2 protein chains.
Amino acid sequence: MSSGQSQTPSAEAQAHHYDPSKYERPSVTVDVVMMSIRQSDLQVLLVKRRSWPYEGMWAIPGGFVHIDESLEDAAKRELREETGVQDVYLEQLYTFGDPGRDPRMRVITVVYYALLDSERLQVRAADDASDVGWFSMYNLPELAFDHAEILAYTLQRIRGKLEYTTIAFNLLPEQFTLRELQRVYEIILHRKLDKRNFRKKILSTGILEDTGAKKMEGTHRPARLYRFNPAAVARQ
Amino acid sequence: MSSGQSQTPSAEAQAHHYDPSKYERPSVTVDVVMMSIRQSDLQVLLVKRRSWPYEGMWAIPGGFVHIDESLEDAAKRELREETGVQDVYLEQLYTFGDPGRDPRMRVITVVYYALLDSERLQVRAADDASDVGWFSMYNLPELAFDHAEILAYTLQRIRGKLEYTTIAFNLLPEQFTLRELQRVYEIILHRKLDKRNFRKKILSTGILEDTGAKKMEGTHRPARLYRFNPAAVARQ
DNA sequence: CTATTTTAGCGTCAACGAGACACGCATTGT
DNA sequence: ACAATGCGTGTCTCGTTGACGCTAAAATAG
């Protein structure tokens, strides 16, 4: 760690009192934990590293923050580059910056997570490169850097938010059945929920709107299709 | 999006074999929102700016992250420099990094907040400089940069955490009465609480330990002194 | 066309937690 | 002793949560 960096005393000569060019600057990246429900599982998109360090291991996709780009824009850019999708739920998770977390240099990474509607994702599902893949959050490969810690924290966070926000809807297409919604909850919380209590609770909040349509699938009674009604203002 | 940047050949290559020395790097600071209960009020420590930009306005104390220092260590250092206290509750709040939030240059700031025991604080209460001061979170002066936004977010966050964590104890000395604890809750939530319900709720959790001692103050019946019992493992 | 299979959809009861609410108790000062 | 002050306590109601089993509607197989 703390290798001798080539410092750029570049653009900002205008700094008045404190002069930041005196300081050796860390690099700043954004990493984006992109998750989706796939194969009845909570999965995350990872990329395989091609070079040192951690060559051959899997990592959370990320990259440098451009100098004129907001952190969120950088995260959106990563998201677009990896999945092609836009307008997804994206939220800042935490910033990891221990010296030594990257053996090459000091890197501070601002981590975002994204929840992807599995349906819209199909479009680009066939990613060309074999060095990009979806993995179960419950059965991860060996991960580069401190990425295992980051994913553990991500899971903890979305579990917490599941209960008092509407983030679950971001993992479903516009229309969905109550059972599908329940499955999202079950997969993230990693435990079975009672069907009747779940329906009662969700419906009582009024955040669902009956579309009138039904979804027929398999050899059984068809299910009503609902849609999320954002008019209900749960706390963020 | 359109980043008209000079740098970056293929924004993607960086993810794998990145050569950071090619990129213009943002500066990284930590800001620390130090809060304490003073004069029956939730107050925050601010410093007055002496120079451009926002000269004369108040700001959250902060500074550059040293190249070999973790973010949390940097926050602790700030805390120590401003208040002289150590071993306080410190938690990362959020990272703010919009380009343009600092007119001098691109600054990404990782914000921490600290909750200070008002008693231990007395020690250094008489801060020499008149350009450091405590302000009510409910009656803030005009603030530099995006610091008003940061404080608003801080308040929102500690209110949320108050309900399912034990952060309130960090604002009190080791021993305290139930009434004092209730006042901390009332001040942060900014509303009156029912005394009996509050006592019932807190005591039922078992996180308080009766010290046996009593606190006599004023012309009335003395109050029992309690101490926080960390053996109760509420979720973080 | 009948039977079987499969999931959708629904109601009750018990336990618990949250919130509203009023008065005697222990101390100090006069 | 008595006035003033804040400490300390219990009950009831109401809404929420969780446990629990049966009928309904469709498809398929025979």
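This structure is a prediction, so every number in the text was calculated from the model and none was measured. Below, chains carry the letters A, B, ... as their sequence lines are ordered, and counting in each starts from 1.
- One interatomic measurement links the two molecules: CG of B:Asp194 to C1' of D:dT9, which rounds to 12 Å at whole-angstrom precision.
- Protein atom CZ of B:Arg191 is 11 Å distant from nucleotide atom C1' of C:dG19, rounded to whole Å.
- Comparing A:Lys214 and A:His220, the nucleotide of DNA chain C nearest to each residue sits closer to the 5' end for A:His220.
- Comparing A:Tyr226 and B:Gly218 against DNA chain C, the residue whose closest nucleotide sits nearer the 5' end is A:Tyr226.
- Screening A:Leu172, A:Leu181, A:Thr166 for a side chain to side chain contact (heavy atoms under 4.5 Å, CB included) involving A:Phe228 leaves a single residue, A:Thr166.
- Aromatic ring orientation, B:His190 versus B:Tyr138: parallel (interplanar angle below 30°, classes split at 30° and 60°).
- The distance between atom CZ of B:Arg224 and atom C1' of D:dG6, rounded to the nearest whole Å, is 16 Å.
- For the pair A:Arg221 and D:dA24, the criterion of a side-chain N or O lying under 4.0 Å from OP1 or OP2 is not met.
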Yes or no on side chain to side chain contact (heavy atoms under 4.5 Å, CB included) for B:Ile188 and B:Arg159, after CA distance, side-chain angles and deciding distance?
CA-CA 6 Å; B:Ile188 296 180; B:Arg159 276 185 186 161; 4.0 Å; yes

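- Nucleotide C:dC21 holds its C1' atom 18 Å from the CZ atom of B:Phe198, rounded to whole Å.
- To the nearest angstrom, P of D:dT11 lies 14 Å from CG of B:Asn197.
- Between B:Arg179 atom CZ and D:dT9 atom C1' there is a gap of 15 Å when expressed in whole angstrom units.
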Determine, stepwise, if the pair B:Met34 / B:Val88 fulfils side chain to side chain contact (heavy atoms under 4.5 Å, CB included).
CA-CA 10 Å; B:Met34 308 177 199; B:Val88 305; over 6 Å; no

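- Contact annotation: side chain of B:Lys200 to base of C:dG19, donor-acceptor pair present below 3.5 Å.
- Computed from coordinates, the B:Met216 CE to C:dT28 C1' distance equals 10 Å when rounded to whole Å.
- In this model, the phosphate group of C:dG19 is not approached by any side-chain N or O of B:Arg196 to a distance below 4.0 Å at OP1 or OP2.
- Comparing A:Lys195 and B:Arg199 along DNA chain D, the residue whose closest nucleotide (by nearest heavy atom) sits nearer the 5' end is B:Arg199.
- Atom CD of A:Glu186 is separated from atom CZ of A:Arg191 by 9.0 Å, given to the nearest 0.5 angstrom.
- Here C:dT5 is the nucleotide among C:dG19, C:dT5, C:dA8 with the atom lying nearest to any side-chain atom of A:Thr219.
- For the pair A:Lys192 NZ and D:dT17 P, the computed distance is 21 Å after rounding to whole Å.
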